[in-house]
*Asks:* 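First, the structure itself, so that you have it in front of you.
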Amino acid sequence: DMLHSLYPDCITIAEDVSGMPTLARPVEEGGVGFDYRLAMAIPDVWIKLLKEVPDDKWSMGHITFTLTNRRWKEATVAYAESHDQALVGDKTIAFWLMDKEMYDHMSDLRPATMIIDRGIALHKMLRLLTMCLGGEGYLTFMGNEFGHPEWIDFPRAGNNNSYHHARRRWDLAEDPLLRYKYLQRFDAAMMELDEAFSFQRSDNYVSLSHEVDKVIAFQHMRSKLLWVFNFHPTNSFSNYRIGTPWAGTYRIVLDTDDKLYMGQGRNDPNTKFHSKGEHWHNRSNFIQVYSPSRTAVCYCLEEDWVPIGDKIRKEINWPLLKDIFKK
């Protein structure tokens with residue numbers, strides 16, 4: 001309260017594991033007065049799943065419950081990874097997904113392996129789902145935006161006072177020959193989408209958590225966005241019905257499978273999806289979509305569509321191979 005009196009534009013965020021009520025409510029309501037609280041359970045759940053559970057066994061219900069399990073009207077900052085997960089003794093999400101393959105197969109000059117394809121696909125999906133359902137704010141941790149490998153380790157007796165891992169390799173995302181750039185592009189696209197639709201400040205409604213299909217579907221109500229996440233490792237679904245409260249024609253506004261983000265481009269971005277006025281999953285309408293395996297797609301009404309990613313495409317400085325090898 002004192003900080004807000006002295007610095008009206010400041011933002012305060014509480015790091016608290018106790019689940020203390022009213023931590024992020026105003027003092028005049030009997031709260032502690034923080035603007036946001038950190039969703040500290042989310043990164044722990046992601047790391048636990050990556051460590052202990054094959055992704056074909058992940059529980060969609062458990063994931064959506066963890067991401068949405070917060071008090072109404074207490075603003076929350078969600079994040080997929082932090083220092084607790086990336087410090088010595090543990091690894092970043094990217095390294096859990098791809099491990100030693102990152103040393104030899106993150107170059108565009110050689111074919112990607114199945115491990116790299118899987119890792120990049122899931123890395124995009126985990127971050128996007130966390131941002132969509134986890135809270136009213138989103139936190140990126142020191143290189144998580146481009147899939148930083150390995151871990152952080154400060155000089156200590158156990159590593160012979162080495163500084164080798166006491167750094168972040170920002171240059172990885174800047175190298176045009178490395179695949180880290182695709183993950184960074186996708187992070188920029190997520191931010192662009194939120195700027196356009198403010199979906200983090202919109203109430204969400206989870207209409208589907210299918211444990212067999214490994215599909216999660218939900219809507220952001222004020223921004224009128226429809227999301228479909230297919231975590232199945234092998235199954236893609238044609239004409240998959242997704243309930244929606246809004247009748248109309250839909251278009252894809254963001255697709256993790258876009259080749260701009262090292263996807264396979266299995267969805268045509270120009271496709272239009274027409275709703276049908278029949279109840280489905282407790283929604284008054286539905287659309288039918290193609291949902292490729294290990295992808296997430298965001299749909300919006302045609303009249304609200306904006307070209308997310310076009311700015312990124314225009315800013316890409318495509319290097320010529322002859323210029324690269326001259327260097």
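For this chain, numbers begin at 1 and follow the sequence in order.
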*Asks:* Nearest 0.5 Å, please: how far is CE in Met142 from CZ in Arg169?
*Replies:*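 Going from CZ on Arg169 over to CE on Met142, the span is 14.0 Å.
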*Asks:* Taking the six-membered ring of Phe146, is the NZ or CZ of Arg179 close enough (under 6.0 Å from the centre) and on axis enough (within 45°)?
*Replies:*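 No - Arg179 does not lie over the ring of Phe146 by the 6.0 Å and 45° rule.
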*Asks:* Output, in order, the C-alpha distance, side-chain angles, deciding distance and verdict of side chain to side chain donor-acceptor pair (under 3.5 Å) for Tyr250 and Asp304.
*Replies:* CA-CA 9 Å; Tyr250 288 77; Asp304 298 331; over 6 Å; no
*Asks:* Would you confirm whether the ring centroid of Tyr79 sits within less than 6.0 angstrom of the ring centroid of Phe141?
*Replies:*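 No, too far apart.
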*Asks:* Any idea how Phe237 and Tyr240 line up, ring-wise: parallel (<30°), tilted (30 to 60°), or perpendicular (>60°)?
*Replies:*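 If you compare the ring of Phe237 with that of Tyr240, the planes turn out tilted.
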*Asks:* Would you kindly say whether Asn239 and Gln288 are connected by a side-chain donor-acceptor distance under 3.5 Å?
*Replies:*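 There is no such pair (donor and acceptor under 3.5 Å, judged by atom type) between the side chains of Asn239 and Gln288.
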*Asks:* For the residue pair Lys91 and Trp96, would you count it as a cation-pi contact if the rule is NZ or CZ under 6.0 angstrom from the ring centre and within 45 degrees of the ring axis?
*Replies:*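 Because its charged atom sits under 6.0 Å from the ring centre and within 45° of the axis, Lys91 does stack over Trp96.
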*Asks:* On a heavy-atom basis, which atom in Asn235 and which in Asn230 lie closest, and how many Å separate them?
*Replies:*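 Asn235 and Asn230 have their closest heavy atoms at O-ND2, 3.1 Å.
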*Asks:* For a quick check under 3.5 Å, do Trp170 and His148 share a side-chain donor-acceptor pair by atom type?
*Replies:*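 Absent: no donor and acceptor within the cut-off.
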*Asks:* Is there a donor-acceptor contact under 3.5 Å linking the side chains of Asp35 and His4?
*Replies:*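 Asp35 vs His4: donor-acceptor pair found between side chains.
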*Asks:* I'd like to know if Arg266 and Asp255 make a salt bridge, using a cut-off of under 4.0 Å between side-chain N and carboxylate O.
*Replies:*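 Looking at Asp255 together with Arg266, the answer is no, because their closest N to O distance does not fall below 4.0 Å.
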*Asks:* Parallel, tilted or perpendicular: which one describes the rings of Phe95 and Tyr103, with boundaries at 30° and 60°?
*Replies:*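 Correct class here is perpendicular.
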*Asks:* Are side-chain N/O atoms of Trp280 and Thr244 paired as donor and acceptor at under 3.5 Å?
*Replies:*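 No donor-acceptor contact under 3.5 Å links the two side chains.
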*Asks:* Hey, could you give me the CG/CZ distance between Leu260 and Phe186, rounded to the nearest 0.5 Å?
*Replies:*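 Reported to 0.5 Å precision, the distance equals 10.5 Å.
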*Asks:* Do Phe199 and Trp227 have ring centres separated by under 6.0 Å?
*Replies:*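 Between Phe199 and Trp227, the centre distance is under 6.0 Å.
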*Asks:* Does Arg241 make a cation-pi contact with Phe286, if we ask for NZ or CZ under 6.0 Å from the ring centre and within 45° of the axis?
*Replies:*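 Judged by the rule, Arg241 and Phe286 form a cation-pi pair.
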*Asks:* Do other residues, nucleotides or ligands put more than 12 heavy atoms under 6.0 Å from Lys224 NZ?
*Replies:*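 Atom NZ in Lys224 is not packed in, count stays at 12 or less.
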*Asks:* Have Thr92 and Glu150 got a donor and an acceptor in their side chains that come within less than 3.5 Å?
*Replies:*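 Absent: no donor and acceptor within the cut-off.
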*Asks:* Are the ring centres of Tyr163 and His165 closer than 6.0 Å?
*Replies:*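 So the answer is no for these two rings.
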